[in-house]
Amino acid sequence: MAEPEYNATGVRIERWLRSLTRAGQVVIADGRLALLTSYGTEIDSAPLTAVQAHKPLFAARDRAFATLNGHRYSLTLGAPELFLKALEAARPPRA
């Protein structure tokens, strides 16, 4: 795997009300977004063109939502704005 374009550690990753990890990792590299557990096991990954992400209007300031492969994940990050900017910057330009 090449050098990641974005890497956040200590991320709480939830799916609905179920916490998948409290110290996970979000990695953007090689045109893919990967959600990893604290042990480095992959939870889910998808190409950036298939990923939808946004910051909710009425939620905690440190939270972002991402949809990968039809599954919606809640990500509790230190700075969700950086995640969203890195995601947009890493996406290939639209035709």
Side-chain angles (χ1 to χ4, degrees):
M1 189 174 214
E3 188 69 25
E5 299 166 26
Y6 177 80
N7 187 4
T9 57
V11 178
R12 183 180 188 101
I13 302 172
E14 299 173 329
R15 194 163 132 195
W16 284 98
L17 297 176
R18 181 175 174 222
S19 176
L20 300 175
T21 182
R22 289 184 288 163
Q25 191 173 6
V26 176
V27 178
I28 298 174
D30 299 330
R32 293 187 70 81
L33 172 69
L35 304 178
L36 308 171
T37 66
S38 55
Y39 297 109
T41 306
E42 186 176 287
I43 295 171
D44 203 351
S45 72
L48 294 177
T49 55
V51 173
Q52 297 176 359
H54 69 281
K55 186 169 176 10
L57 218 50
F58 299 106
R61 292 182 199 169
D62 59 352
R63 187 159 296 186
F65 289 120
T67 304
L68 288 81
N69 301 322
H71 300 287
R72 187 173 178 191
Y73 295 96
S74 172
L75 309 172
T76 305
L77 302 145
E81 296 84 15
L82 294 177
F83 164 68
L84 296 172
K85 285 180 185 176
L87 186 64
E88 286 302 316
R91 285 185 192 203
R94 294 181 183 173

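For reference, positions follow the sequence shown, starting with 1.
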- Query: Do R91 side-chain atoms and V51 backbone N/O form a donor-acceptor pair below 3.5 Å?
  - Reply: yes
- Message: Between T67 and H71 (side chain of the first, backbone of the second, donor and acceptor by atom type, cut-off under 3.5 Å), is there such a pair?
- Response: no
What I'd like to find out is whether the side chain of [X] reaches to under 4.5 Å of the side chain of [Y], using heavy atoms alone.
X: L75; Y: R12; result: no
X: L33; Y: V26; result: yes
X: K55; Y: L84; result: yes
X: R63; Y: S74; result: yes

Spacing of [X] atom [atom1] and [Y] atom [atom2] [to the nearest 0.5 Å]:
X: T37; Y: Q25; atom1: OG1; atom2: CD; value: 9.0 Å
X: L87; Y: L82; atom1: CG; atom2: CG; value: 12.5 Å
X: R72; Y: W16; atom1: CZ; atom2: CH2; value: 7.0 Å
X: F83; Y: L77; atom1: CZ; atom2: CG; value: 6.5 Å
X: I13; Y: R18; atom1: CD1; atom2: CZ; value: 12.5 Å

- Message: If only side-chain N and O atoms count, and only distance matters, is there a donor-acceptor pair under 3.5 Å linking S45 with R32?
- Response: yes
- Of all heavy-atom pairs linking P56 and A64, the shortest is CD-CA, 4.1 Å
- Item | For the student: nearest non-hydrogen atoms of N69 and A46, plus distance | OD1-CB, 3.8 Å
- Result of checking E14, H54, Q52 against F65 for side-chain contact (heavy atoms from CB on, under 4.5 Å): H54
- Sort out for me which residue in L36, L35, V27 forms a side-chain contact (heavy atoms from CB on, under 4.5 Å) with E42. L36
- After noting the C-alpha distance and the side-chain angles of I43 and Y73, does the key distance pass the side-chain contact (heavy atoms from CB on, under 4.5 Å) rule? CA-CA 10 Å; I43 295 171; Y73 295 96; 4.1 Å; yes
